[in-house]
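Here the structure is a predicted model, which means the values were calculated and not measured.
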Amino acid sequence: MGVGIIWLMPIHPIGEKNRLGALGSPYSVRDYLAVNPEFGSLADLKAFVTTAHRLGMYVILDWVANHSSWDNTLTLTHPDWYEHDEQGEFRPPAWTSWTDVIAFDYARPGLRRYMTEALKYWVREADVDGFRADYAGGVPLQFWENARTELEQIKPVFMLAEWDYPELHRRAFDASYAWKLVQAMRDVAQGRANTAALAGYWNVEADAWPHEAYRLAYTSNHDSSAWEGSDRDIYGPALTAMTALTFAADTMPLIYNGQEAEYPKRLNFLTRDAIAWRDAPAAKLYSRLIAWKKANPATFNGQYGGAMVEVKTSAPGKIFAFVRQREKNKILALFNFTAQPQRVTLQSPIAHGRYDNFDGGQPIEVNDGTQLEFPPWSFKLFATGTSTP
């Protein structure tokens, strides 16, 4: 489909003590330096990464630095690296219900050194290209900043934080979760808000975050699929338009396993829950959106793309519209985030220009008074000065 980065959920052996579900959670790590034999061998992982590189893709590993399984080997060799309760026993991370894991104590220099060396091991041994840091805010920022520095001495890496905090981008992470945006998307799709919720997000976030920060947006991931519902459950008829938004806006889009097959069920990663693979329109849509994003520098991530500028229309609260421009390339993106058809007039000179249509057909000339018609929950993407994908 043109995907650039493959994120593998934790590949390590899963803890058996106090495990959840039949298989246990992959976020309950029993050995940070081993591959779960249910997934394959270290040689298999190396072959996977080598093949991905040959196909022009990168591979990042999910890394669980905040806690381990109750039966991790470190509980025997370094019990002092863990937090303890009033009785001196291991305890889960504070203020959570994660009964299958126990919390590390990052006041221990030995733990920091071990975890840094473990990260470096997978870059050296398997040639992985970076990490997705689970519960990144549960670990001191200084640890991540130092780890990033040491990893970069081996090779350039990409770091994704499961957290929503600008300071993480100072020296540690390239990308972080745009949780507030995802919540606004859900509120609009489920009728709790109109497009003002999206405009409000960017009004605040544009100044709060470093320009170079990549903000991860998605319509599904492993947590939302397991605990909240499938993408269709959550977004209903708004799913396609919301998907397109994550590619056109200044966000880094995520495709969760099975979305390209339009797998309708929730995936429970605590049990063996196989995806029924099939050709589906979603795969073609993802492929087209990825190609469109790659062909239009204005949509690139972080400092490499253009800033979002609001386009006023005659249907405020119903149509969400913006332009992004990078040198000669400009895109115009419009979304009808309502269950009714809309006929709207564009009211912003910034949108003026002659554009190619994402859906093909004749180019469109946008000027004062240009009117466009939208079916319910639909989108239109236009671009001018497009480069070759």
Side-chain angles (χ1 to χ4, degrees), residues 1-16 23-69 71-74 77 111-136 139 143-144 146-162 172-175 214 216 221-222 252 254-261 267 269 272-275 277 286 290:
M1 295 188 299
V3 168
I5 299 174
I6 299 175
W7 149 24
L8 298 179
M9 286 168 64
I11 62 165
H12 311 294
I14 296 171
E16 297 181 3
L23 297 181
S25 168
Y27 295 91
S28 177
V29 175
R30 196 169 80 243
D31 186 345
Y32 285 94
L33 300 177
V35 174
N36 187 338
E38 295 183 51
F39 300 157
S41 65
L42 176 60
D44 293 327
L45 175 64
K46 290 180 178 180
F48 181 93
V49 174
T50 298
T51 302
H53 289 170
R54 189 175 70 247
L55 296 172
M57 293 180 283
Y58 300 97
V59 178
I60 63 174
L61 299 185
D62 215 328
W63 197 260
V64 190
N66 175 260
H67 48 265
S68 81
S69 71
D71 49 2
N72 188 290
T73 54
L74 298 176
T77 58
L111 170 64
R112 295 190 181 210
R113 177 44 42 197
Y114 168 86
M115 199 63 72
T116 302
E117 292 300 327
L119 289 162
K120 291 162 63 176
Y121 168 83
W122 291 104
V123 175
R124 288 196 181 106
E125 188 67 23
D127 199 23
V128 301
D129 303 293
F131 299 90
R132 178 263 188 187
D134 179 71
Y135 194 47
V139 176
F143 165 79
W144 292 121
N146 178 76
R148 175 65 182 264
T149 298
E150 295 195 28
L151 289 168
E152 291 282 342
Q153 292 171 2
I154 304 172
K155 63 181 281 189
V157 293
F158 176 82
M159 299 291 287
L160 165 63
E162 189 203 20
F173 290 95
D174 303 285
Y214 298 2
L216 187 78
N221 65 16
H222 64 283
M252 189 173 196
L254 168 70
I255 303 169
Y256 180 50
N257 208 19
Q259 285 192 282
E260 67 271 49
L267 287 171
F269 58 85
R272 197 173 304 282
D273 203 353
I275 296 168
W277 291 105
Y286 283 126
I290 292 171

Chemist: Can you tell me how far CH2 of W122 sits from NZ of K46, rounded to the nearest 0.5 angstrom?
Modeler: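 K46 atom NZ to W122 atom CH2 measures 9.5 Å (nearest 0.5 Å).
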Chemist: Just by distance, no angles: are the side chains of Y27 and D62 close enough, under 3.5 Å, to form a donor-acceptor pair?
Modeler: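 On atom types as modelled, these side chains qualify, holding a pair under 3.5 Å.
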Chemist: D174: what forms a side chain to side chain donor-acceptor pair (under 3.5 Å) with it, not counting sequence neighbours?
Modeler: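 For D174 the side chain to side chain donor-acceptor pair (under 3.5 Å) partners, ignoring immediate neighbours, are R148.
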Chemist: Can you find a heavy atom in the side chain of D134 that is under 4.5 Å from one in the side chain of N66?
Modeler: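 A side-chain contact under 4.5 Å is absent here.
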Chemist: Quick one: does any side-chain atom of W7 pair with a main-chain N or O of R132 as donor and acceptor, under 3.5 Å?
Modeler: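 No; zero donor-acceptor contacts below 3.5 Å.
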Chemist: Test of understanding: with side chain to side chain donor-acceptor pair (under 3.5 Å), list the residues that count as partners of E117, not counting sequence neighbours.
Modeler: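 Only R113, K120 meet the side chain to side chain donor-acceptor pair (under 3.5 Å) criterion with E117.
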Chemist: How far does CG of D129 sit from CG of L61, to the nearest 0.5 angstrom?
Modeler: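 Going from CG on D129 over to CG on L61, the span is 9.0 Å.
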Chemist: Please name the pair of heavy atoms, one in P13 and one in A34, separated by the smallest distance, quoted to 0.1 Å.
Modeler: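 Heavy atoms only, the tightest pair is CD-O, 3.4 Å.
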Chemist: Can you tell me how far the CD1 atom of I11 sits from the CE atom of M9, to the nearest 0.5 Å?
Modeler: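 CE of M9 is found 12.5 Å from CD1 of I11.
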Chemist: State, with a plain yes or no, whether a side-chain heavy atom of Q259 is found less than 4.5 Å away from one of I275.
Modeler: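 When only atoms from C-beta onward are counted, I275 and Q259 do not touch, as no gap falls below 4.5 Å.
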Chemist: How many angstroms lie between OH in Y58 and CD1 in I5, if you round to the nearest 0.5 Å?
Modeler: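 Taking OH in Y58 and CD1 in I5, the distance rounds to 8.5 Å.
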Chemist: Please name the pair of heavy atoms, one in A175 and one in M252, separated by the smallest distance, quoted to 0.1 Å.
Modeler: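 Scanning both residues completely, I find the closest heavy atoms to be CB-SD, 4.4 Å.
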Chemist: With a 3.5 Å distance limit and no angle check, can you tell me whether E162 reaches the backbone of Y135 through a side-chain donor-acceptor pair?
Modeler: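 Pair found, side chain donor or acceptor close to backbone of Y135.
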Chemist: If you look at every heavy atom in H53 and M57, which pair is closest and at what distance?
Modeler: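 Looking at all heavy atoms of both residues, the closest pair is CD2-O, 3.3 Å.
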Chemist: So, N72 and S69: side-chain donor and acceptor under 3.5 Å apart, yes or no?
Modeler: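 Short answer, no.
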Chemist: Let me know which of D71, N36, V29 forms a side-chain contact (heavy atoms from CB on, under 4.5 Å) with I14.
Modeler: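 Option passing the side-chain contact (heavy atoms from CB on, under 4.5 Å) with I14: N36.
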Chemist: First locate atom CG of L8, then atom CG of L45, and finally report the distance between them rounded to the nearest 0.5 Å.
Modeler: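 Taking CG in L8 and CG in L45, the distance rounds to 7.0 Å.
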Chemist: Any heavy-atom pair between the side chains of F39 and F48 that's under 4.5 Å?
Modeler: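 A side-chain contact is absent here, since even the closest heavy-atom pair is not under 4.5 Å.
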Chemist: Quick check on side-chain contact (heavy atoms from CB on, under 4.5 Å): which of K155, E152, Q153 does V123 satisfy it with?
Modeler: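 Among the candidates, only K155 passes.
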Chemist: Would you name the heavy atoms of I290 and G2 that are closest together and state the gap between them?
Modeler: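 Smallest heavy-atom distance, with atoms named: CG2-O, 3.3 Å.
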Chemist: What do the steps show when you test R272 against L23 for side chain to side chain contact (heavy atoms under 4.5 Å, CB included), and what is the final call?
Modeler: CA-CA 7 Å; R272 197 173 304 282; L23 297 181; 3.7 Å; yes
Chemist: Angle class for the Y32/W63 ring planes (parallel below 30°, perpendicular above 60°, tilted otherwise)?
Modeler: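 Ring orientation, 0 to 90° scale: tilted.
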Chemist: Could you pull out the closest heavy-atom pair between G130 and V157, with the gap in Å?
Modeler: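 Scanning both residues completely, I find the closest heavy atoms to be CA-CB, 4.0 Å.
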Chemist: Any heavy-atom pair between the side chains of I255 and M1 that's under 4.5 Å?
Modeler: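 Yes, at least one pair of side-chain atoms sits under 4.5 Å.
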Chemist: Rounded to the nearest 0.5 Å, how far apart are CZ of F269 and CG of D273?
Modeler: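 Answer rounded to 0.5 Å: 11.5 Å.
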Chemist: Stepwise, does the side chain to side chain contact (heavy atoms under 4.5 Å, CB included) test hold for Y121 with V128?
Modeler: CA-CA 10 Å; Y121 168 83; V128 301; over 6 Å; no
Chemist: So which atom in W277 and which in G258 form the shortest heavy-atom distance, rounded to 0.1 Å?
Modeler: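 Taking every non-hydrogen atom into account, CH2-N, 3.8 Å.
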Chemist: With N146, which residues qualify under side chain to side chain donor-acceptor pair (under 3.5 Å), at least two apart?
Modeler: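 N146 satisfies side chain to side chain donor-acceptor pair (under 3.5 Å) with E150 once adjacent residues are dropped.
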